[in-house]
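Take a look at the structure below.
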Amino acid sequence: MKDTPKHQGMRNKLVETLIKKGIQDTRVLDAINKIPRHLFMDSGFVDHAYVDKAFPIAADQTISQPYTVARQTELLEVKNSDKILEIGTGSGYQTAVLLEMGALVYTIERQNELFKKTKLFLPKLGYRPKKIVFGDGYKGLPENAPFNGIIVTAGAPLVPKPLLAQLKIGGKLVIPVGEGEVQVMTVFTRTETNKFKKEEHGNYRFVPLLSDKN
Ligand code: SAH
């Protein structure tokens, strides 16, 4: 499969949609404008790649809706060379957005099938995370902490303490929190060693953050 001018045209339209929905960070929009999202989806869904919707990928998981990816990334306030931890590698699309923005990305996936597939796939497009880990994101990645930012791309019934502990001072954890089908997009900023500022940014629906790996 290739990336063509037709796909680029569809991406331009998607970016216009995201701007209308309120995304302002031009670095996020530029990344979305560049990344061939259709290549991250199973071939049957290629026609849907540039509409603003979530879609199924392998292992009963989903590639997040572009608006959700854009909004979470905007809330993370990623700067060039920031060290970012992503929980829930999935298709690798969010990973690619972070890499396009110049972040050093560490990403964890608990589904072995997805982990193996995405680890092989990302470098084919030239996307090279610092680490792709098969493991349980609830634990974070203590050996590479602290991080400038941590982004959780599955719905968390609770806020994992290790993730808060692995933030730099000034770092942000962007995490959808909620026990039911709906989660509240929550941002924790570590203002001091033992102090966190909490903000809430509306409701979303994610596949659940599960514990352990399989
Ligand atoms: N960022 C992904 C979104 C994938 S959906 C993308 O852009 O495609 C959420 C992902 O989180 C799924 O792949 C799921 O398997 C994974 N996940 C769920 N619980 C997890 C955990 N405890 N640790 C790591 N990954 C987890």
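Note: hydrogens, waters and symmetry copies are ignored here, and every other heavy atom, side chains too, is used. Both ligands and their constituent atoms are indexed starting at 1 by order of listing. Numbering starts at 1 and runs along the sequence shown.
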For G135, counting its heavy atoms only, list the atoms of ligand 1 lying under 4.0 Å from any of them.
23 (N), 24 (C)

Please determine if L210 has a nitrogen or oxygen closer than 3.5 Å to a nitrogen or oxygen of ligand 1.
yes

Protein contact of atom 9 (C) of ligand 1 - nearest heavy atom, named by residue and atom, plus distance
T153 O, 3.3 Å

For ligand 1, which atoms sit closer than 4.0 Å to a heavy atom of Y138?
22 (N)

Where is the nearest protein heavy atom to atom 6 (C) of ligand 1: which residue, which atom, and how far?
S91 OG, 3.5 Å

Checking K13, H38, R37 against Y50 for side-chain hydrogen bond (donor to acceptor under 3.5 Å, both in side chains), the one that qualifies is H38

For atom 12 (C) of ligand 1, find the nearest protein heavy atom and state the residue, atom name and distance (0.1 Å precision).
Q61 OE1, 3.2 Å

Examine E86 against ligand 1 and note whether any of their N/O atoms are separated by less than 3.5 Å.
yes

Of P208, S211, G88, the residue with the heavy atom nearest atom 18 (C) of ligand 1 is P208

Counting each atom of ligand 1 from 1 as listed, which ones have a heavy atom of L114 under 4.0 Å away?
13 (O)

With distance as the sole criterion, is a donor-acceptor pair present between the side chains of T89 and E109 under 3.5 Å?
no

Atoms in ligand 1 with a heavy atom of V207 nearer than 4.0 Å
5 (S), 9 (C)

Flag for E86-T95: side-chain donor and acceptor within less than 3.5 Å
yes

Can you tell me how far apart CG (L39) and OG (S91) are? Round to the nearest 0.5 Å.
11.0 Å

Within less than 4.0 angstrom of ligand 1, does A59 place any heavy atom?
no

As a check for students: among R110, E109, K139, identify the option with a heavy atom nearest to atom 15 (O) of ligand 1.
E109

Is there a heavy atom in V69 that sits closer than 4.0 Å to ligand 1?
no

State the atoms of ligand 1, each with its element, that fall below the 4.0 Å cut-off from a heavy-atom position in S64.
3 (C)

Just say parallel, tilted or perpendicular for the rings of F121 and F40, cut-offs at 30° and 60°.
perpendicular

Quick test: of every protein heavy atom, which one is nearest to atom 5 (S) of ligand 1, and how far off is it to 0.1 Å?
T62 O, 3.1 Å

Would you say ligand 1 has an N or O under 3.5 Å from any N or O of Q94?
yes

Heavy-atom nearest pair, I84 first then F147, reads C-CD2, 4.0 Å

The answer for which part of T95 has a heavy atom under 4.0 Å from ligand 1 is neither

Is it the case that ligand 1 has an N or O less than 3.5 angstrom from some N or O of G137?
yes

So, taking the atom named CG in D52 and the one named OG1 in T68, what distance separates them when rounded to the nearest 0.5 Å?
7.0 Å

Any luck finding a side-chain donor-acceptor pair between Q65 and Y204 under 3.5 Å?
no

Below 4.0 angstrom, N of the basic side chain to O of the carboxylate: do E199 and K197 qualify?
yes

List every atom of ligand 1 that sits less than 4.0 Å from any heavy atom of Q111, numbering the atoms from 1 in the order shown and giving each element.
15 (O)

Should the ring pair F55 and H48 be called parallel, tilted or perpendicular, given that the plane angle runs from 0 to 90° and is split at 30 and 60?
tilted

Looking at CD1 of I150 and NZ of K172, how far apart are the two atoms once the value is rounded to the nearest 0.5 Å?
13.0 Å

Please determine whether a side-chain nitrogen of the Lys or Arg among K79 and E77 lies less than 4.0 Å from a carboxylate oxygen of the Asp or Glu.
no

